[in-house]
Amino acid sequence: MPLMFIKLHIDRRWLAGLSLVACGPMQPSGANGAGESATSGGSAEISTTASGEPTAGPTSSSTTIDATSEPGDTSSEPGDTSSAPPGECVDESECHALGYCFCIDGTCVHCHRPPPRPECYFDEECPDGYVCDSGYCEYDEQPLEVPPCPDEPVELSQWELSQAPSSLGLADLDGDGDLDLFAALPTGAIELAFNDGVGGFAPGGSVDLGAPAPAMQIAAGDFDGDADADLVVDRPGEGALLLLFGQDGTFMPGPTLPSSAAARRLHAIDLEGDGDPDIVVVTELAQVVTHISDGLGGFGPEQTFLVELAGDQVTVQDADDDGFVDILAQRDQDFALYRGGPPAITWEISELRDIDSLTLSQAFAPRLRAGGRELMMVRPEDIGGRVLLWPDTPDGWSTDPLEFSTAERLIGGTLADVDASGFDDVVLATGDPRISVLLADNNDLFACQRGLDVLATTAPDRLAVGDLDADGRDDIVAGSPDSAIVSLLRSP
């Protein structure tokens, strides 16, 4: 049977003052789950507030696997909850044990259905989260608003590359335990910058790879098991990935890996759980291509997976903490989680959610509170941004999302822990000279949104996070598609 989508609404304003826990009908057995630089570089420091105010040999054989099949029809129409569900209550905890979410007027009710409508004349006669409409208390379906964070000092400094990068990242390139910066430039060179030990950078030279390559992509990982960071580079149009093996901050060319399509995004991530980073290519043809590492500098044959991906923002992450990497991406007007798993590397659709939008978006599986991971998608709106969040529950991810609005536009980004809370914050590019950070709150999912001014326009594929100054908090490195300036954001 085809997969059914059930579009339901929840009372979001009423939720604003509560701990956001979602229950009710669920998907079956769901679960939950980032250097560069400059020979001509230099740095400057500016003090700001959170509001931005100043103060071995590869083979050429390949296999193709179709991962576009949809999960079996496990959807069913939710039960009729127009009558009172079983359970009197004083607070939500009594309802959670029964599989319901909220306690309204002493009765447990489902997440997505209101209690019977009382008659009214004024909004004040209705429960919180309801408005008086045509004589009855009806849901007020506006999304929850993520409040702005209080102003806190943020240290903004800059590093300048010789050109605007096409890709950048952070890794310990010289083996001293600090995160260094690497950047792919349209000239066809890779610029390096070494961490100065206090959260800034010093010139690290460059690696010239030949002719210009405007859309060159790059990722870092220890591919040969010597504890030094290596690099993998895609130069579009050359039909191969280039390996650069690192030793104390210098890099020597290694073998090339045949590659059937240009990279839209390049990842070095352990797919098999053996501790060795493998190579994942999200291609311009919206496919996923893998090269499995042998841990000694060699790679197995290329494998191509036929998945349906829309847009540029594809997240490669272990979304359910099962030790296997998953893929989260938009497909037309829905969002899909392709679950990775044994015995061989493969991906199959596990979660499919209607998002009713063609706006290009990115999805994540952040850990926002104690327990499992939530399922989350962001997208820009005409003004501000929108977050759809499917909370984790004992029965899997909730069927219907909570919706949040944000003052900042949300294009895409990555997960980090910028406040050392132990939970995932979401660091997002906005397309403007701003970074948006959604701070996690162990009780209410999102504590607040922090908008941070930076020195140039921002883009998801030029955003990296990591602890640059060893203070236990992730710092933000934001490159730009329009400028050679790289912005560094740290909490002092």
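Computed from a prediction, not measured in an experiment: that's the story for all the values here.
Nearest approach of Val154 to Leu452, heavy atoms of both residues: CG2-CD2, 3.9 Å. Considering every non-hydrogen atom in both Ala229 and Phe251, the closest pair reads O-CE2, 3.4 Å. Scanning all heavy atoms of the two residues, the minimum distance from Ala416 to Val465 falls at CB-CG2, 3.8 Å. Among all heavy-atom pairs drawn from Leu368 and Phe423, the shortest one is C-CD2, 3.8 Å. Heavy-atom minimum distance, Ala447 versus Pro147: O-CG, 3.4 Å. Taking each heavy atom of Asp294 and Gly297 in turn, the nearest pair found is OD1-N, 3.3 Å.
The shortest distance between side-chain heavy atoms of Val437 and Ile476 falls below 4.5 Å. Using a 4.5 Å heavy-atom cutoff, the side chains of Phe223 and Pro277 are in contact. The side-chain heavy atoms of Ile269 and Val316, taken from C-beta on, include a pair separated by under 4.5 Å. Gln317 is listed as a side-chain neighbour of Leu328, based on a closest heavy-atom distance under 4.5 Å. Between Val378 and Arg386 there is no side-chain heavy-atom pair separated by less than 4.5 Å. Between Ser487 and Gln158 the shortest side-chain heavy-atom distance does not fall below 4.5 Å. Within the 4.5 Å cutoff, no side-chain heavy atoms of Leu296 are placed close to those of Asp276. At a threshold of 4.5 Å between non-hydrogen side-chain atoms, the residues Arg490 and Asp469 count as touching.
We find that Asp392 and Arg367 are not joined by a salt bridge, their nearest charged nitrogen and carboxylate oxygen being 4.0 Å or further apart. Between Glu351 and Arg339 there is a salt bridge, since at least one side-chain N of the basic residue sits less than 4.0 Å from a carboxylate O of the acidic one. One finds a salt bridge joining Glu152 and Arg450 here, because a Lys/Arg side-chain nitrogen approaches an Asp/Glu carboxylate oxygen to under 4.0 Å. We find that Arg434 and Asp453 are joined by a salt bridge, their nearest charged nitrogen and carboxylate oxygen being less than 4.0 Å apart.
Atom OG of residue Ser206 and atom CG of residue Leu161 lie 11.0 Å apart, to the nearest 0.5 angstrom. The CE atom of Met377 lies 9.0 Å from the CD atom of Glu403; values are rounded to the nearest 0.5 Å. A distance of 11.5 Å separates CD of Glu302 from CD1 of Ile292, quoted to the nearest 0.5 Å. With values rounded to the nearest 0.5 angstrom, Leu241 atom CG is found 5.5 Å from Leu257 atom CG. Asn195 CG to Leu173 CG: the interatomic distance, rounded to the nearest 0.5 Å, is 10.0 Å. Between atom CD1 of residue Ile327 and atom OG1 of residue Thr315 there is a gap of 10.5 Å, rounded to the nearest 0.5 Å.
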(message) Using the rule given for side-chain contact (heavy atoms from CB on, under 4.5 Å), can you reason through Asp424 versus Asp417, listing the C-alpha separation, both sets of side-chain angles and the distance that settles it, and then say yes or no?
(response) CA-CA 5 Å; Asp424 290 328; Asp417 186 2; 5.6 Å; no

(request) Could you go through the side-chain contact (heavy atoms from CB on, under 4.5 Å) check for Phe446 and Val387 one step at a time? (result) CA-CA 11 Å; Phe446 295 120; Val387 178; 3.9 Å; yes

(request) Could you check Tyr338 against Asp326 for side-chain contact (heavy atoms from CB on, under 4.5 Å), going step by step and ending with a plain yes or no? (result) CA-CA 6 Å; Tyr338 294 87; Asp326 310 306; over 6 Å; no

(request) Could you please spell out the steps behind the side-chain contact (heavy atoms from CB on, under 4.5 Å) verdict for Leu266 and Ile279? (result) CA-CA 7 Å; Leu266 197 57; Ile279 297 171; 4.1 Å; yes

(request) Check the pair Thr457, Ser480 against side chain to side chain donor-acceptor pair (under 3.5 Å), reporting the backbone distance first and the verdict last. (result) CA-CA 5 Å; Thr457 56; Ser480 172; 3.0 Å; yes

(message) Show, in sequence, the C-alpha distance, side-chain angles and deciding distance for Asp395 and Thr393, and conclude whether the side chain to side chain donor-acceptor pair (under 3.5 Å) test is met.
(response) CA-CA 5 Å; Asp395 297 315; Thr393 77; 5.0 Å; no

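Partners of Asp270 under the side chain to side chain donor-acceptor pair (under 3.5 Å) rule, at least two apart in sequence or in another chain, do not exist in this structure.
Put simply, the side chain of Thr458 gets close to the backbone of Asp432: a donor and an acceptor are under 3.5 Å apart. With hydrogens and angles ignored, the 3.5 Å screen pairs no side-chain donor or acceptor of Ser398 with any backbone N or O of Trp390. Proximity of a side-chain donor or acceptor of Asp172 to a complementary backbone N or O of Leu179 within less than 3.5 Å is not detected. Looking at Arg265, its side chain never comes within 3.5 Å of a backbone N or O of Val281 through a donor-acceptor pair. Judged by distance alone, the side chain of Asp318 and the main-chain N or O of Val325 form no donor-acceptor pair under 3.5 Å. At distances below 3.5 Å, at least one donor-acceptor pair connects side-chain atoms of Arg473 with backbone N or O atoms of Ser491. Here the side chain of Arg409 pairs a donor or acceptor atom with the backbone of Thr430 at under 3.5 angstrom. Distance alone, capped at 3.5 Å, places no donor-acceptor pair between the Asp334 side chain and the Leu352 backbone. Within the 3.5 Å criterion, the main-chain N or O of Gly413 finds a donor-acceptor partner in the side chain of Gln362. Under a 3.5 Å cut-off, the side chain of Asp196 and the backbone N or O of Gly200 do form a donor-acceptor pair.
Note on ring orientation: taking the six-membered ring where Trp is involved, the planes of Phe299 and His291 are perpendicular (angle over 60°, cut-offs 30° and 60°).
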Show which side-chain atoms of residues 207-218 pair as donor or acceptor with protein atoms under 3.5 Å away, not counting sequence neighbours.
| from | atom 1 | to | atom 2 | distance (Å) |
| --- | --- | --- | --- | --- |
| Asp208 | OD1 | Gly210 | N | 3.0 |
| Gln217 | NE2 | Ser166 | O | 3.4 |

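Looking at Val232, Ile190, Thr250 one by one, the single match for side-chain contact (heavy atoms from CB on, under 4.5 Å) with Leu244 turns out to be Ile190.
Annotation: side-chain hydrogen bond (donor to acceptor under 3.5 Å, both in side chains) contacts involving residues 228-242, sequence neighbours excluded, comprise Asp228-Gln247, Arg235-Glu238.
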